[in-house]
Novice: 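What follows is a structure written as structure tokens; I'll ask about it next.
Every chain is numbered from 1, with letters handed out A, B, ... down the list of sequences.
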Number of protein chains: 2
Amino acid sequence: MSHSSRSRLRMQTASLPPTPSDGTRRRILETALQLFATRGYHDTSIRDLAKALELQPSALYAHFPSKEHVLAELVRIGHEAHHEALALALKEAGTTDPAEQVRALVRVHTRLHALHPQLALVVNEEFYALTPEMAAPALALRTQSTLLLAEVIERGIAQQRFSPPHPRATAAAISAMGVRLPYWYELDNGLDVDTLADVHAELALRMLGVRERK
Amino acid sequence: MSHSSRSRLRMQTASLPPTPSDGTRRRILETALQLFATRGYHDTSIRDLAKALELQPSALYAHFPSKEHVLAELVRIGHEAHHEALALALKEAGTTDPAEQVRALVRVHTRLHALHPQLALVVNEEFYALTPEMAAPALALRTQSTLLLAEVIERGIAQQRFSPPHPRATAAAISAMGVRLPYWYELDNGLDVDTLADVHAELALRMLGVRERK
DNA sequence: GTCTATAATGCGATAGAC
DNA sequence: GTCTATCGCATTATAGAC
């Protein structure tokens, strides 16, 4: 860490999805998430992390073999939670109507990024700090999640319910709305998460050429 | 820099907008842009930069007082080029029709991010590595650029030509399309820049509730 | 599983010659 | 404006006691 007050995200208690994990390991992940999100992975040292945890640096190595393994675990948790949430949303939508499926996917994508901004930031910005080998599991999940949306869009097009100007670019634009949330959206600022999720779902359907529903 | 082959952007000759600048200083900026975009600011050392330039580390200090000043200059150039391009596009649109103004803004925003992906990445991801004092000029430009789009949208709403579900979230979504381009878009991949710019303009107008133009 | 102590290396930046 | 050489300090990680 360096000397200034610069930071890319307001300091706040890190919100990590529930995981089956013992106490200290979990504390390390939560604290690392907070620091990595605020200052970045490369600008956060093992010493910074240990100090925030009120531990000696060497104590961390009883829980993770390296700093990179801490990041890799956060990135894995983030991608896993994201993919599971998307798959569950599709399943619970209980419909084969592509518009409703897009709505379900976008709503949960937005909710996740709005409610876990630190994890979203670390997953998306520090992903590339991992060696390809350590990033591989997350990358596989990322590909699957991207496919979930792409396939729903393709189905909607095949059924002539969607008419995006360019399917791939439109899918990217829909995803980008959520991914960029940590940079501007803050809770308790007059726009609650559910409203935002509805707004994003509406924007996605407009991009796909679906007229206003009743 | 570290030992692995990890990188967040394919290595390629860095594309920096033309600036009035003498030879070595310009070479430093171009090389730093390439390295910062590929590996990140904190993971690129003065030694890495010097080696890529075939200079000794100390030679850099004849051109920039610190590593942070190199980044600050790149961030400043990026924000300046962006804001100038947006303002020029608005002016050259030669109309007060909000839809045409949004089209002009989105087209140039997209072109810039597609044609200068490294600069876009560094500007957006490494911005927060700067001390607040060094980031201030860029931040001011960023605020102005955001306002350009927000004001056009507000005017379109006042004239009842636009009906976004939420003006602020919609403006953010429109901007996000461009900002996320470096992560997926590649030239010479079957989708040329002008087509992409048109697609984004169309998506923006759909989000704003403007029906297809003839 | 946490501690003290330290190894081995890399970092940003500077001094001073040319 | 570039070089050689180096300062002072931070870095990740390990050794070994408890």
Side-chain angles (χ1 to χ4, degrees), chain A residues 1-7 20-33 35-36 38-75 122 126 128-131 133-135, chain B residues 1-7 20-33 35-36 38-75 122 126 128-131 133-135:
Chain A
M1 204 183 295
S2 32
H3 45 292
S4 85
S5 66
R6 70 191 92 150
S7 88
S21 169
D22 98 303
T24 302
R25 182 183 163 88
R26 166 93 188 181
R27 266 186 73 228
I28 293 173
L29 289 172
E30 282 173 347
T31 307
L33 174 57
L35 292 174
F36 292 172
T38 307
R39 317 288 310 253
Y41 171 72
H42 288 300
D43 200 30
T44 302
S45 70
I46 288 282
R47 285 164 157 83
D48 295 328
L49 181 53
K51 178 174 253 183
L53 287 159
E54 296 181 291
L55 286 175
Q56 293 305 312
S58 57
L60 301 177
Y61 291 90
H63 302 275
F64 294 92
S66 78
K67 180 183 157 186
E68 190 182 2
H69 282 80
V70 178
L71 174 60
E73 178 65 359
L74 288 172
V75 168
V122 168
E126 311 295 356
Y128 305 95
L130 295 172
T131 55
E133 306 81 52
M134 299 211 72
Chain B
M1 202 184 292
S2 32
H3 46 293
S4 86
S5 65
R6 69 191 92 151
S7 87
S21 168
D22 98 302
T24 303
R25 183 184 161 88
R26 166 94 187 180
R27 266 187 73 229
I28 293 173
L29 289 173
E30 281 172 349
T31 307
L33 174 56
L35 292 174
F36 292 172
T38 306
R39 317 287 312 252
Y41 171 72
H42 287 300
D43 200 30
T44 303
S45 70
I46 288 282
R47 285 165 161 82
D48 295 328
L49 181 53
K51 177 174 254 182
L53 286 159
E54 296 182 287
L55 286 175
Q56 293 305 311
S58 56
L60 300 177
Y61 292 90
H63 303 275
F64 293 92
S66 78
K67 179 182 157 186
E68 190 182 2
H69 282 80
V70 178
L71 175 61
E73 178 65 359
L74 287 172
V75 167
V122 168
E126 310 294 356
Y128 305 95
L130 295 171
T131 55
E133 306 81 52
M134 299 210 71

Novice: Reckon A/S66 touches a base, only the sugar-phosphate, or nothing at all at heavy-atom distances under 4.0 Å?
Specialist: sugar-phosphate

Novice: Please report the shortest heavy-atom distance between B/E126 and B/G40, naming the atom on each side.
Specialist: OE2-CA, 3.2 Å

Novice: Is there a side-chain contact between B/L53 and B/L60, using heavy atoms and a 4.5 Å cut-off?
Specialist: yes

Novice: Can you check the B/L71 CG to C/dG12 C1' distance for me, whole Å?
Specialist: 15 Å

Novice: Can you measure B/F64 atom CZ to D/dG1 atom C1' for me and round it to whole angstrom units?
Specialist: 14 Å

Novice: Does a distance-only test, which skips hydrogens and angles, find a donor-acceptor pair under 3.5 Å between the side chain of B/R47 and the base of C/dG12?
Specialist: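 Per atom types, the contact qualifies.
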
Novice: D/dG1 phosphate, OP1 or OP2: any side-chain N/O from B/S58 under 4.0 angstrom?
Specialist: no

Novice: Please examine the side chains of A/F64 and A/L29, heavy atoms only from C-beta on, and report whether any two atoms are closer than 4.5 Å.
Specialist: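 When only atoms from C-beta onward are counted, A/F64 and A/L29 do touch, with a gap below 4.5 Å.
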
Novice: Could you state the atom-to-atom distance from CG of B/D43 to P of C/dG10 in whole Å?
Specialist: 13 Å

Novice: Determine yes or no for a side-chain-to-main-chain donor-acceptor pair under 3.5 angstrom, with B/E68 supplying the side chain and B/T131 the backbone.
Specialist: yes

Novice: From the list C/dG12, D/dC3, C/dC3, which nucleotide is the closest neighbour of the side chain of B/K67?
Specialist: C/dG12

Novice: Less than 4.0 angstrom between a side-chain N/O of B/T44 and OP1 or OP2 of C/dC11, yes or no?
Specialist: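 For C/dC11, neither OP1 nor OP2 has a side-chain N or O of B/T44 closer than 4.0 Å.
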
Novice: Which nucleotide, D/dA13, C/dT2, D/dT2, lies nearest any side-chain atom of A/Y61?
Specialist: D/dA13

Novice: Find the distance B/I46:CD1 to C/dT14:P and express it as a whole number of Å.
Specialist: 11 Å

Novice: Is there side-chain contact between A/D43 and B/Y41, with heavy atoms separated by less than 4.5 Å?
Specialist: no

Novice: Under 4.0 Å from OP1 or OP2 of D/dT2: is there any side-chain N or O of B/H63 that close?
Specialist: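 For D/dT2, OP1/OP2 do have a side-chain N/O of B/H63 under 4.0 Å.
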
Novice: What is the distance from CD of B/Q56 to P of C/dT14, rounded to the nearest Å?
Specialist: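 Distance, rounded to whole Å: 17 Å.
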
Novice: Using whole Å, report how far CG of B/L60 lies from P of D/dT4.
Specialist: 14 Å

Novice: Which one, C/dT4, C/dT14, D/dT2, comes nearest to the side chain of B/A59?
Specialist: D/dT2

Novice: Between B/K51 (NZ) and D/dT2 (C1'), how many Å, whole number?
Specialist: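 Distance check: B/K51 NZ to D/dT2 C1' gives 18 Å.
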
Novice: Can you find a donor-acceptor pair, distance only, under 3.5 Å between B/S45 side chain and C/dC11 base?
Specialist: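 Checked by distance alone, the answer is no.
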
